[in-house]
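Each chain gets a letter, A, B and so on, in the order its sequence line appears, and its residues count up from 1. For the numbers below, each heavy atom of this structure counts, side chains included, while hydrogens, waters and symmetry mates do not. Keep in mind that what you see is a predicted model, and the values were worked out from it rather than measured.
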Number of protein chains: 2
Amino acid sequence: MYKPATIKDIALALKLSPSTVSRALRDGYEISTATKKVVMEYAKKVNYQSNPIALSLKNRRSYSIGIVVPKLANSFFSQAIAGIESIAYERGYHTIITQTHDSSERELINVNHLAQRSVDGLLISMSAGTSDYGFLKQLHNDGLPIVFFDRIIDEIETFKVTSDNFSGAYKATESLIKSGRKKIALLSNAPQLSITNERLSGYMKALADYHIPFRAELIRNCSKGGNDYQEVEDAVKDLLATPNKPDAIFISSDRISISCIRALKNLNFDPKEIAIAGFSNSDVVDLLHPSLSYVKQKSFEMGQIAVEMLLRLIESKYPITEFETRVLDTELHLIK
Amino acid sequence: MYKPATIKDIALALKLSPSTVSRALRDGYEISTATKKVVMEYAKKVNYQSNPIALSLKNRRSYSIGIVVPKLANSFFSQAIAGIESIAYERGYHTIITQTHDSSERELINVNHLAQRSVDGLLISMSAGTSDYGFLKQLHNDGLPIVFFDRIIDEIETFKVTSDNFSGAYKATESLIKSGRKKIALLSNAPQLSITNERLSGYMKALADYHIPFRAELIRNCSKGGNDYQEVEDAVKDLLATPNKPDAIFISSDRISISCIRALKNLNFDPKEIAIAGFSNSDVVDLLHPSLSYVKQKSFEMGQIAVEMLLRLIESKYPITEFETRVLDTELHLIK
DNA sequence: ATTGCAACCGGCAACGATTGCGTAGATTTT
DNA sequence: AAAATCTACGCAATCGTTGCCGGTTGCAAT
């Protein structure tokens with residue numbers, strides 16, 4: 001059984017009381033230098049480390065923050081996590097990472113687990129399937145600091161950070177138009193998500209600005225968000241079978257972009273016949289074939305900003321009532 | 001301040017003692033059904049959930065397991081984690097995921113953090129930079145259950161699971177030979193890693209079996225393991241500038257495979273001139289260009305097996321002294 | 001009427017660390 | 001010499017939960 005040394009062990013060994021040992025280790029003013037020296041040395045000898053569990057129980061602080069994302073395999077999220085960690089470690093916090101696989105049940109379980117493990121705060125990007133935010137509202141009302149990033153929600157008032165999805169979608173759609181395409185389809189993510197609607201708006205605005213009629217039959221929702229390849233392939237096949245079929249597709253999600261490329265390849269479509277542009281933070285997107293222009297989000301920065309907001313909430317002495325929603329711009333990468 | 005209901009709160013409200021409430025909630029035999037009912041109902045009303053921190057402190061069990069991997073952005077690891085979670089959740093355990101970015105300092109910090117947060121056990125795939133295993137030996141000797149996966153080490157006796165890297169490398173090299181290549185270079189990972197050497201051996205054996213002379217000047221180590229693109233590009237450039245230059249490259253690591261493809265593209269090499277094959281678990285490897293044949297590891301299964309081994313260690317009543325090292329076979333995917 | 005025995009519930013201690021308060025003994029002050 | 005001050009430490013409570021021991025009923029058997 002794993003059993004590290006405790007303060008009691010030290011106290012017993014040195015014939016002191018636990019209180020004295022504790023104060024000596026924390027360099028308390030009321031302890032003689034002689035005693036301090038003895039305690040410090042013995043502590044180092046037995047490799048004493050304070051038990052964070054006991055401290056959490058007593059102080060209701062754990063110096064750890066919980067991260068909840070839909071999928072680690074999604075580059076955007078693993079990059080954002082790297083950004084979070086870069087700041088968190090610097091400020092003395094640990095991170096506990098969990099993924100939901102876009103399931104709201106798993107999300108509920110993970111969030112509760114983190115809250116009860118007494119993380120000091122929560123960074124969360126919502127799952128596609130979640131429509132009931134009651135559990136989050138509850139925790140937030142009970143005083144748990146929460147910051148939303150990327151997939152944010154309106155229902156809870158707190159700090160949030162996301163991308164300028166509207167302008168990202170606009171730019172991508174515009175690039176397709178400028179390359180001479182006029183029949184531009186939209187392959188979209190789960191409609192519950194904030195980002196889905198913002199990207200849809202950007203797409204529609206671009207069409208409108210360039211006087212291209214909006215055609216509802218060129219819109220396809222992949223409610224499983226690219227986690228299910230078949231759903232995407234069916235959508236693509238379906239799109240390309242419509243009368244007056246599209247000559248371009250704008251894809252409003254990372255995973256769906258990849259699946260769409262695979263579908264076009266599997267269906268043996270000529271890359272020249274159909275142009276594609278989509279959101280993606282994959283680090284190999286420039287090596288994919290067929291290639292696509294892509295909108296890249298500032299994932300790392302978003303993670304950094306999110307955790308800074310969270311630490312502001314956590315470390316604030318007085319309740320914060322003024323919140324901010326940061327919106328980061330996106331980068332369009334044109335291929336060809 | 002976030003403050004959920006406790007047993008004491010319930011006891012106070014119902015004018016019972018904490019012990020009674022505790023037993024009622026756990027359906028103890030010595031509590032009347034009437035009391036149980038009252039307690040259960042009130043508990044549900046105030047949304048009581050037992051405090052895992054307090055339980056961890058008391059029971060020295062947390063029903064959570066720590067995961068330490070080099071990089072979440074590496075598909076192999078995110079897949080393995082998915083495998084781990086699939087079993088862990090089923091068995092009532094939570095997972096705490098941390099990444100080291102192949103830094104041994106971060107590894108040390110993360111492992112200690114997990115050990116002290118009293119995880120019940122540890123699943124670890126070693127960082128490229130680590131050569132001193134003292135901290136792990138210490139924890140292992142103190143009784144912390146540890147299982148190694150993928151990047152295993154010899155220095156600690158416990159359960160381990162890894163891939164048949166020798167045969168994977170053999171098959172990949174053989175495929176290059178069979179496609180007519182004779183001057184096959186090797187782009188290799190950090191030499192401290194177990195998998196690096198096994199893959200090197202497989203490569204050499206294939207050369208020997210097909211009577212192709214081994215040429216030391218065709219071997220390049222990327223000790224930063226593909227985390228540094230420039231290192232890989234330099235190695236590739238260097239390889240292709242050697243006299244009697246290679247007509248194929250076998251790449252013995254996931255991230256380096258990607259970087260190598262990018263390097264070949266950036267250096268404008270004709271894909272027909274130089275064939276490549278490498279280890280990769282990327283889910284988009286079939287869409288990459290230039291394309292490569294790839295060896296895929298059973299990452300998900302490896303995660304599942306690792307966590308099953310760990311749970312065996314954790315839940316065993318008596319110390320286990322007979323250990324096993326599972327070796328999973330690999331799949332070769334040929335691209336033409 | 002006394003004993004036995006369930007059934008039912010409460011008090012205390014402990015897990016590890018911290019902290020307000022108390023105090024013994026030494027030193028200084030008046 | 002008596003009182004005040006200071007130094008250096010111990011005691012006990014706390015965080016939430018549970019194991020162990022004890023105690024109080026009510027009821028049946030003797």
Side-chain angles (χ1 to χ4, degrees), chain A residues 1-40 42-43 46-63 112-113 115-120 142-143, chain B residues 1-40 42-43 46-63 112-113 115-120 142-143:
Chain A
M1 191 63 186
Y2 178 58
K3 184 155 173 39
T6 73
I7 279 199
K8 283 188 192 172
D9 299 334
I10 299 178
L12 217 61
L14 301 181
K15 294 189 212 292
L16 289 169
S17 80
S19 356
T20 305
V21 174
S22 172
R23 271 182 276 251
L25 290 172
R26 323 193 100 246
D27 204 26
Y29 67 97
E30 26 184 6
I31 304 297
S32 70
T33 29
T35 311
K36 275 182 194 167
K37 188 150 170 284
V38 176
V39 171
M40 301 275 206
Y42 188 79
V46 297
N47 189 29
Y48 169 80
Q49 314 248 129
S50 74
N51 182 328
I53 301 260
L55 287 179
S56 293
L57 183 59
K58 186 159 174 49
N59 301 334
R60 315 172 124 271
R61 276 296 296 279
S62 61
Y63 287 96
N112 275 331
H113 174 235
Q116 312 223 326
R117 282 251 129 204
S118 83
V119 292
D120 297 341
D142 288 350
Chain B
M1 191 63 184
Y2 178 58
K3 183 156 172 36
T6 74
I7 279 198
K8 283 188 191 172
D9 299 334
I10 299 179
L12 219 61
L14 300 181
K15 296 191 210 293
L16 290 169
S17 80
S19 341
T20 304
V21 175
S22 170
R23 270 180 288 255
L25 290 171
R26 323 194 103 248
D27 203 27
Y29 67 97
E30 22 181 15
I31 304 297
S32 70
T33 31
T35 310
K36 274 181 194 167
K37 190 152 168 284
V38 176
V39 171
M40 301 276 204
Y42 188 79
V46 298
N47 189 30
Y48 169 80
Q49 313 249 132
S50 73
N51 183 326
I53 301 259
L55 286 178
S56 292
L57 182 59
K58 190 156 175 53
N59 301 334
R60 305 155 67 47
R61 276 297 295 280
S62 61
Y63 288 95
N112 275 333
H113 173 235
Q116 312 233 322
R117 282 252 126 203
S118 84
V119 292
D120 297 340
D142 289 350

How is S50(A) classified with respect to the nucleic acid when contacts are heavy atoms under 4.0 Å: base, sugar-phosphate, or nothing?
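The answer is sugar-phosphate, as S50(A) gets under 4.0 Å only of primed atoms, P, OP1 or OP2.
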Which is true for T35(A) with a 4.0 Å heavy-atom rule: it touches a base, it touches only sugar-phosphate, or it touches nothing?
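Sugar-phosphate, no base atom in range.
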Chain B footprint on DNA chain C, 5' to 3' - any atom under 4.0 Å from a heavy atom
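Answer, 5' to 3': dC8(C) to dG16(C).
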Separation of [X] atom [atom1] from [N] atom [atom2], in whole Å?
| X | N | atom1 | atom2 | answer |
| --- | --- | --- | --- | --- |
| I53(B) | dC15(D) | CD1 | C1' | 11 Å |
| K15(A) | dC9(D) | NZ | P | 16 Å |
| K58(B) | dT14(D) | NZ | C1' | 15 Å |
| I7(A) | dG10(D) | CD1 | P | 13 Å |
| L25(A) | dC9(D) | CG | C1' | 15 Å |
| R60(B) | dT18(D) | CZ | P | 17 Å |
| L55(A) | dG16(D) | CG | P | 15 Å |
| L12(A) | dG10(D) | CG | C1' | 15 Å |

Look at the side-chain N and O atoms of [X] and state whether any lies under 4.0 Å from the OP1 or OP2 oxygen of [N].
| X | N | value |
| --- | --- | --- |
| S32(A) | dC9(D) | yes |
| S17(A) | dC9(D) | no |
| K36(A) | dA8(D) | no |
| Y48(B) | dT17(D) | yes |

Would you check if Y63(B) and L55(B) make a side-chain contact, meaning some heavy-atom pair closer than 4.5 Å?
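No, their side chains stay 4.5 Å or more apart.
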Taking C-beta and beyond as the side chain, do V21(B) and L14(B) meet within less than 4.5 Å on heavy atoms?
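V21(B) does not reach L14(B) side chain to side chain.
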Compute the angle between the rotation axes at the two ends of the helix from dA1(C)-dT30(D) to dT30(C)-dA1(D), each taken over five pairs, rounded to 10 degrees.
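Helix axis angle between the two ends: 80°.
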Nearest-0.5 Å distance that lies between atom [atom1] in [X] and atom [atom2] in [Y]:
| X | Y | atom1 | atom2 | result |
| --- | --- | --- | --- | --- |
| I7(B) | L12(B) | CD1 | CG | 13.0 Å |
| S56(B) | D120(B) | OG | CG | 7.5 Å |
| L25(B) | I10(B) | CG | CD1 | 5.5 Å |

Starting from the 5' end of DNA chain C, give me the residue, A5(A) or E30(A), whose nearest nucleotide shows up first.
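Comparing both residues, the 5'-ward one is A5(A).
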Using heavy-atom distances to pick each residue's nearest nucleotide on DNA chain C, tell me which of L57(A) and S19(B) is more 5'.
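The 5'-side residue here is S19(B).
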Residue pairs fulfilling salt bridge (charged side-chain N to carboxylate O under 4.0 Å, His left out) with at least one residue in residues 9-26 of chain A, sequence neighbours excluded
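Listed once each, the pairs are R23(A)-E30(A).
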Do R23(A) and dG10(D) share a donor-acceptor pair, side chain to base, under 3.5 Å?
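In this structure, the two groups form a donor-acceptor pair.
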Give the minimum heavy-atom separation between M40(A) and A24(A), together with the two atoms involved.
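Here M40(A) and A24(A) meet closest at CE-O, 3.5 Å.
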Is the backbone N or O of I53(A) less than 3.5 Å from a side-chain atom of N51(A), with the two atoms forming a donor-acceptor pair by type?
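Confirmed, N51(A) side chain pairs with I53(A) backbone.
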